[in-house]
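In this chain, numbering begins with 1 at the start of the sequence shown.
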Amino acid sequence: MVQNVQRQARPVQSNPTQPKERPLPRQIVHLSPVSWRREVGHIIVAIVVMMAFGVGSVWLSNRATMYNEISQQKATELDHLRNKNNDVKEQVSNLTSQGRLNKIAEKSGMTLNNQNIKNVK
């Protein structure tokens, strides 16, 4: 029994006649392409494109608002100028009315003789 215990306790010695095991050379393992890698790239590109469209639409909206404000200002200026022009036309028609011209002519000593007026076509 004691001998059995000693046999079990002894470390196993390598057999000198067996050749030493050589380590295997390292092999390069080529991994297959990951299927989701291309999908992630497409998702990133889609996100960037959507962000570009978002920024572009906000920029265009701001430009449109700015040009609408400028257009409203120009329309207001145009209305003021039209009103002023109409006022000036009314003044011209008042100043060149036949009654006013007759009064001015009488003050200057002129008379209107209808016989001297001829229509020319």
**Asked** Using a side-chain heavy atom cutoff under 4.5 Å and only I, L, V, M, F, W and Y, what cluster partners does Trp59 have?
**Response**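 Once heavy-atom contacts under 4.5 Å are chained together, Trp59 belongs with Leu60.
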**Item:** Residues that, via side-chain heavy atoms closer than 4.5 angstrom, fall in one hydrophobic cluster with Met110
**Value:**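 Same cluster as Met110: nobody, lone residue.
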**Prompt:** Hey, are the side chains of Leu95 and Arg100 touching, using non-hydrogen atoms and a 4.5 Å cut-off?
**Reply:**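 When only atoms from C-beta onward are counted, Arg100 and Leu95 do touch, with a gap below 4.5 Å.
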**Exam field: side chain Ser97 to backbone Ser93, donor-acceptor pair closer than 3.5 Å** = no
**Asked** Which atoms form the tightest heavy-atom contact between Leu101 and Thr96, and what is the distance?
**Response** CD1-O, 3.7 Å
**Request:** First locate atom NE2 of His80, then atom CG of Asn83, and finally report the distance between them rounded to the nearest 0.5 Å.
**Result:**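 Those atoms lie 7.5 Å apart.
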With sequence neighbours excluded, what pairs up with [X] under the side-chain contact (heavy atoms from CB on, under 4.5 Å) test?
{"X": "Gln98", "value": "Asn102, Leu112"}
{"X": "Val49", "value": "Val45, Phe53"}
{"X": "Ile47", "value": "Ile43, Met51"}

Donor-acceptor contacts, no H, no angles, side chain residues 63-77, under 3.5 Å, sequence neighbours left out:
residue	atom	partner	partner atom	Å
Arg63	NH2	Tyr67	OH	2.9
Thr65	OG1	Ser61	O	2.9
Asn68	ND2	Ala64	O	3.3
Thr76	OG1	Gln72	O	2.9

